[in-house]
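Throughout, a chain's letter reflects where its sequence line sits, starting with A, and its residues are numbered from 1. Computed from a predicted model, the values in this text were never measured in an experiment.
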Amino acid sequence: MIKSLNERCKQKYFDGDRDVVVRDNYDIICLMDRYEPLKIEEKWQNIWEKEKPFHAVEKEGAPKMFLAEMFPYPSGAGLHVGHVRNFTIVDVLTRFYEQQRLNVLRPFGYDTFGLPAENYAIKTGTAPQDVTRVNIANFRKQAKRLGYAIDWDREINTSDPEYYKWTQWCFLQLYKKGLAYQKESYQWWCPEDQTVLANEQVEGGKCWRCGHEVEKKKMKQWFFKITEYADELLKDIDALEWPEKIKTMQRNWIGRSAGAEIDFEVMNGRRITVFTTRPDTIYGATFLVLAPEYQGLDFIVSDDARETVNKYKADALKKSEIERQENREKTGVFTGAYAINPATKEKIPIYVADYVLAGYGTGAIMAVPAYDERDREFAEKFDLPIVEAELCDRDLFGTPKITYKMRDWLISRQRYWGCPIPIAYDKDGNPYPIPEEQLPVLIPEVEDYKPDHTGRSALAKAENWLKVEIPVKDPKTGEIHMEEMTRETDTLDGYACSSWYLWRYASPRDNKHAWNPEAIKYWEPIDYYCGGDHAVAHLLYIRFWCKFFADEGYLPFREPIKRLLYNGYINAPDGKKMSKSKGNVIDPLDVINDGYGADTLRTYEMFIGPYDQDAAWDPRSVGGVYRFLNRCYNLLNNIIDTDNVVVRNKTIKKVTEDIHRYNFNTAVAALMEYVNELYKNGANKTDLIVLAKLLKPFAPHLASEMLEKLDSDDEWPKWNDKYLISDTVEIIVQVNGKLRSKISISQDHLENEEMIIDLALNDEKIKKYISSGVKKTIFVKKAKLVNIVI
RNA sequence: GCCCGAGUGGUGAAAUUGGUAUACACGUAUGCCUUAGGAGCAUAUGCCAAUCGGCGUGCUGGUUCAAGUCCAGUCUCGGGCACCA
């Protein structure tokens with residue numbers, strides 16, 4: 001077939017019977033209607049831009065399908081190949097369901113608050129608003145260049161006041177119910193820079209900016225009470241259609257422990273409550289240990305020991321996380337105080353040690369060195385008694401108690417580029433919520449974006465903005481008067497902004513609700529959510545908010561994400577993580593503009609391997625996929641009268657089922673096999689229409705072009721099982737489980753076991769293996785296999 | 001230390017319910033076409049022997065007519081948590 005094509009084209013060329021576009025290419029490809037991805041892609045992207053085929057509206061009849069990726073942080077560097085993998089997975093599913101005529105919603109947005117924009121602002125004085133605007137424009141342009149089936153009318157941006165107004169509204173709902181609250185907590189603090197530092201800004205116990213030793217400082221911070229939902233968050237994990245890996249990580253993160261709280265009387269009349277998972281070991285409790293930050297430690301310490309304890313406490317607070325991890329040698333000091341073990345009635349000493357954590361349980365433990373390795377280490381070092389006592393009933397001395405590793409979610413950030421917390425303080429420092437009608441609390445404009453010397457965000461520099469009038473009800477007279485207050489200058493953790501955006505997608509321009517109840521009912525919860533990060537943070541926070549807003553009557557479901565696809569990373573060709581400093585970054589836009597086009601890039605990233613595994617970029621394989629798409633297109637040049645009905649139906653089945661299983665790599669492989677077959681046999685119009693339809697989720701531009709040339713719609717094809725059965729069947733003949741021969745029988749004889757075994761035993765190749773006699777024969781109809789045991 | 005994953009050709013990987021190991025692609029080799037090829041097309045390609053055949057899914061065993069797949073043990077790599085009482 002190719003030869004004849006070649007002949008014809010050569011002739012045409014020598015007749016001068018057409019435009020020859022490419023000068024340095026003399027042979028058949030240039031003479032045929034040639035695959036020119038950049039041209040085709042521009043054409044179809046213009047059509048999609050104009051006709052908006054992905055614009056979604058609620059309509060009765062067709063079932064809905066809502067899909068999205070984890071919205072990106074629009075960095076200055078633009079899209080990277082990891083984004084492309086993530087977005088393309090969503091796009092393949094979007095188009096797959098669109099072609100099956102489901103009512104599909106696939107929106108897009110930008111997670112724009114964050115440190116890079118703020119650091120850039122501090123360095124250059126450029127407003128983060130401006131940088132963000134430029135970066136979004138670039139991201140949008142690049143996403144459009146990849147041909148994604150996005151409803152661009154639903155774009156959202158978390159730093160848009162129209163958006164963060166509702167983030168603040170969400171905060172106020174949580175505040176009203178006591179789930180947003182202030183608490184003193186220890187934070188990393190640099191005494192030189194006079195600022196709070198995030199964990200990742202502390203390097204080797206020192207400030208990343210000035211190198212001064214950091215310490216822990218008690219500060220008032222805002223928290224969301226996620227622990228209120230710990231039990232439900234844990235319980236509901238079971239029913240989620242999420243990867244087991246993520247479910248396990250969330251379970252571990254929540255870290256439920258069933259135990260008991262037990263009171264110990266201190267000799268000076270006070271009381272210490274400990275948490276233990278082993279209340280049955282209480283007879284072996286030979287001392288108590290308190291965390292250095294233990295509340296009320298001062299009331300327990302004896303006067304003799306006070307100085308030592310205070311020094312130990314100060315040292316412990318200075319210790320960095322890294323130091324704590326590196327040096328696990330037990331340290332601690334005696335408080336000089338004793339408590340009574342309620343089981344043995346014995347007097348036991350009370351210690352302070354940093355191996356006990358203030359944030360877990362009650363910050364105090366009963367040490368049972370006979371049963372607990374850590375307690376034993378401590379006991380050995382400080383020469384404390386180790387008693388192999390008998391076990392008792394679990395609830396004899398304490399009250400049952402469930403404890404979680406998960407802590408409440410600290411949301412205060414001393415940063416400029418975030419959503420302002422809608423709170424103001426009266427002159428006594430009492431917090432008041434900003435009334436909803438005053439929302440949004442806009443981010444003020446400032447000159448300098450650096451945090452100030454009091455450790456407050458740059459918002460504190462906007463003097464006019466700081467003052468606000470809040471209506472206050474007099475508790476005695478009931479009268480309402482306006483009172484001048486000072487605004488909160490901390491901003492919200494960026495994760496707050498992304499904890500509700502999936503609901504905003506349902507009605508992104510609604511200016512009366514955070515999310516429209518009718519739209520929510522129609523579209524949510526999301527059917528497919530795809531990402532490769534945030535296994536415990538974002539994906540836990542969004543579940544927490546969902547349960548809260550369901551309780552408040554704003555959401556008709558308690559789990560926001562039905563199915564989660566967690567994709568792997570794409571590494572550099574050398575197998576290492578891509579990074580600017582290593583100079584091994586592959587820019588997806590370069591791949592496109594080199595002439596491969598978006599379709600090749602998309603299809604390659606689906607073909608690269610299982611979607612949930614990490615993969616290394618291979619530039620040579622990109623070329624292989626490009627060749628494949630070329631071959632698809634070139635088939636249009638030679639449509640003949642033939643019939644590939646069997647392989648066509650097989651391919652429809654395989655590709656359909658593979659996409660349902662997210663086996664995108666094998667779906668592409670099946671299309672390659674199909675094309676190879678069509679090259680061998682020739683292809684008719686139906687063969688090619690099916691090819692284009694099946695190809696469209698992966699290479700939508702090329703497929704659209706093919707379908708236009710073939711004068712066909714894009715409706716997903718169906719297969720017919722009757723074509724999948726061929727007239728003759730191949731029977732595998734094994735001897736002792738090893739393949740030794742194959743025999744061919746007609747389909748009708750598949751029921752006739754006796755005949756098949758007889759054929760197998762008399763097969764020429766088999767005879768020599770079974771001369772010593774046959775012990776038994778097994779026929780498996782389903783596997784079309786005979787096994788002869790000798 | 002604890003909890004998850006994963007180990008298959010020269011390479012990325014297939015094998016969906018225990019039933020033909022290595023689909024598809026890359027790479028390589030040879031040929032065709034060509035003034036020319038870093039294009040296109042065709043054929044071959046797990047390893048050893050080069051004829052029959054033997055060996056092959058990290059390793060050692062086990063279950064089974066039959067094991068990449070199930071079981072026990074073990075090694076290596078990757079990820080998560082990490083003094084959570």
Checklist outcome for this item: Which of B:rG80, B:rC26, B:rA14 is nearest the side chain of A:Met249? It is B:rG80
Next on the checklist: With rounding to the closest Å, how many angstrom separate the P atoms on B:rU69 and B:rU64?
Outcome noted: 16 Å
For a quick test of your reading: what N or O donor-acceptor pairs under 3.5 Å do the side chains of residues 564-573 of chain A make, sequence neighbours left out?
{"from": "A:Tyr566", "atom 1": "OH", "to": "A:Asp533", "atom 2": "N", "distance (Å)": "3.2"}
{"from": "A:Tyr566", "atom 1": "OH", "to": "A:Asp533", "atom 2": "O", "distance (Å)": "3.3"}
{"from": "A:Asn567", "atom 1": "OD1", "to": "A:Asn86", "atom 2": "ND2", "distance (Å)": "3.2"}

Next on the checklist: For A:Pro385, is there any backbone N or O sitting under 3.5 Å from a side-chain donor or acceptor partner on A:Thr286?
Outcome noted: yes
Checklist entry - Among B:rA85, B:rC65, B:rC24, which is the nearest nucleotide to the side chain of A:Lys776? => result B:rC65
Item to check | Phosphate contact (B:rC24 OP1 or OP2) by A:Tyr604 side-chain N/O below 4.0 Å | outcome: no
Checklist entry - Base, sugar-phosphate alone, or nothing: which one does A:Gly624 contact when heavy atoms must sit under 4.0 Å apart? => result sugar-phosphate
Next on the checklist: Give me syn or anti for B:rG9, where syn covers glycosidic angles within 90 degrees of 0.
Outcome noted: syn
Checklist entry - Which nucleotide in the set B:rC41, B:rA25, B:rG53 lies at the smallest distance from any side-chain heavy atom of A:Lys768? => result B:rG53
Checklist entry - Distance between the P atoms of B:rC55 and B:rA49, in whole angstroms? => result 16 Å
Checklist entry - Taking the six-membered ring of A:Phe223 as reference, does the NZ or CZ atom of A:Lys183 fall below 6.0 Å from its centre and within a 45° cone about the axis? => result yes
Checklist entry - Looking at B:rC65, does its base get a donor-acceptor pair with the side chain of A:Lys775 below 3.5 Å? => result no
Return all side-chain donor-acceptor pairs below 3.5 angstrom for residues 391-402 of chain A, not counting sequence neighbours, or 'none' if the list is empty.
{"from": "A:Arg394", "atom 1": "NH1", "to": "A:Thr277", "atom 2": "O", "distance (Å)": "3.3"}
{"from": "A:Arg394", "atom 1": "NH2", "to": "A:Thr277", "atom 2": "O", "distance (Å)": "3.0"}

Item to check | Residue pair A:Asp408 / A:Thr227, side-chain donor-acceptor N/O under 3.5 Å | outcome: yes
Checklist entry - Do the side chain of A:Asn584 and the main chain of A:Ser579 share a donor and acceptor less than 3.5 angstrom apart? => result yes
Checklist entry - Which nucleotide sits closest to the side chain of A:Gln734: B:rU16, B:rC55, B:rG19? => result B:rG19
Next on the checklist: Nearest to the side chain of A:Arg620, heavy atoms from C-beta on, is which of B:rC24, B:rG27, B:rA13?
Outcome noted: B:rG27
Next on the checklist: What's A:Leu671 touching, base or sugar-phosphate or nothing? Going by heavy atoms closer than 4.0 Å.
Outcome noted: nothing
Checklist entry - Do any of residues 777-790 of chain A sit with a heavy atom less than 4.0 Å from RNA chain B, and if so which? => result A:Ile778, A:Val780, A:Lys782, A:Ala783, A:Leu785, A:Asn787, A:Val789
Next on the checklist: Classify A:Arg256 by what it touches in the nucleic acid, base, sugar-phosphate, or nothing, heavy-atom distance under 4.0 Å.
Outcome noted: nothing
Item to check | Cationic tip of A:Arg271 above A:Phe264 ring, under 6.0 Å, 45° of axis | outcome: no
Checklist entry - How is A:Arg627 classified with respect to the nucleic acid when contacts are heavy atoms under 4.0 Å: base, sugar-phosphate, or nothing? => result sugar-phosphate
Checklist entry - Given B:rC24, B:rC81, B:rA85, which nucleotide is nearest the side-chain atoms of A:Glu673? => result B:rC24
